[in-house]
Amino acid sequence: SYAAMAIAIWTGLCYLTPLLSAYAADAKWGRAHTLLVAQCIFLVGMFCISVSTYFGVKYYDATHGLFWIGMVIVGVGFGGFKPTLSPLGADQFDAKHKQTAEEKA
């Protein structure tokens with residue numbers, strides 16, 4: 001069905017785009033800049049989704065298209081969060097300091 005296909009494509013996009021953002025974070029921009037760009041992309045996608053709900057059924061074709069464009073943009077932005085936020089927890093731990101390691105255990 002159409003819904004299952006759309007969800008599968010969106011989920012695949014959410015899980016494949018972290019590969020690109022991990023490369024950008026490690027080799028090009030750095031983690032903080034990549035996270036900032038991903039948040040901006042995510043925000044644009046959420047804005048598109050919000051605008052698509054404003055006009056309702058009167059402009060169904062336009063709002064339906066804008067909704068799916070927003071979903072794709074959200075998927076790309078979401079892919080930027082995964083590889084950049086996870087290592088932030090590991091950065092809080094410094095294995096060289098034994099006292100810090102014991103306190104955080």
Side-chain angles (χ1 to χ4, degrees):
S1 77
Y2 176 75
M5 180 185 67
I7 292 297
I9 290 171
W10 187 78
T11 304
L13 184 67
C14 287
Y15 284 101
L16 287 177
T17 52
L19 296 173
L20 297 174
S21 59
Y23 173 74
D26 290 342
K28 299 291 181 186
W29 295 338
R31 199 176 337 151
H33 189 259
T34 305
L35 183 60
L36 181 65
V37 169
Q39 288 176 343
C40 290
I41 292 170
F42 189 84
L43 183 66
V44 168
M46 291 303 288
F47 179 76
C48 289
I49 292 171
S50 298
V51 169
S52 75
T53 61
Y54 180 74
F55 295 106
V57 191
K58 186 175 180 181
Y59 302 102
Y60 176 77
D61 291 335
T63 57
H64 189 72
L66 186 61
F67 172 79
W68 284 110
I69 289 170
M71 287 297 286
V72 168
I73 294 171
V74 164
V76 171
F78 183 72
F81 290 169
K82 286 182 173 284
T84 54
L85 284 180
S86 299
L88 288 177
D91 287 347
Q92 305 301 314
F93 178 72
D94 188 9
K96 294 178 185 176
H97 295 70
K98 189 174 184 177
Q99 180 183 3
T100 307
E102 290 173 359
E103 289 175 0
K104 292 186 178 185

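Since the structure is predicted, the reported quantities are computational estimates derived from the model, not experimental observations.
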From Asp61 CG over to Leu66 CG, what is the distance, rounded to the nearest 0.5 angstrom?
12.5 Å
From Ile49 CD1 over to Ile69 CD1, what is the distance, rounded to the nearest 0.5 angstrom?
11.0 Å
Would you find more than 12 non-hydrogen atoms of other residues, nucleotides or ligands less than 6.0 Å from Phe78 atom CZ?
no
Test of understanding: clusters of I, L, V, M, F, W, Y form through side-chain heavy atoms closer than 4.5 Å, transitively. Do Val37 and Val72 belong to the same one?
yes
Minimum heavy-atom separation for Gly70 and Cys48, please, with both atom names.
CA-CB, 3.7 Å
Per the side-chain hydrogen bond (donor to acceptor under 3.5 Å, both in side chains) rule, what does the pair list look like for residues 65-82, sequence neighbours excluded?
His64-Trp68
Looking at every non-hydrogen atom in both residues, tell me the closest pair between Gly80 and Ala38 and how far apart they are.
CA-CB, 3.5 Å
Closest non-hydrogen contact found for Ser21 with Gly79 is OG-O, 2.7 Å
Quick check for you: to the nearest 0.5 Å, what is the distance between Ile7 atom CD1 and Met71 atom CE?
6.0 Å
Atom of Val74, atom of Gly45 and distance for their closest heavy-atom approach
CG2-C, 3.5 Å
How long is the span from the CD atom in Gln39 to the CD1 atom in Ile41, to the nearest 0.5 Å?
11.0 Å
Check whether Leu13 and Val44 end up in the same hydrophobic cluster, where Ile, Leu, Val, Met, Phe, Trp and Tyr are linked by side-chain heavy atoms less than 4.5 Å apart.
yes
With the 4.5 Å side-chain cut-off for hydrophobic clustering, are Tyr54 and Phe67 part of the same group?
no
Is the backbone N or O of Ser50 less than 3.5 Å from a side-chain atom of Thr53, with the two atoms forming a donor-acceptor pair by type?
yes
Pairs where residues 8-32 contributes a residue and the test ring-ring contact (aromatic ring centres under 6.0 Å, His included) is met, not counting sequence neighbours
Trp29-His33
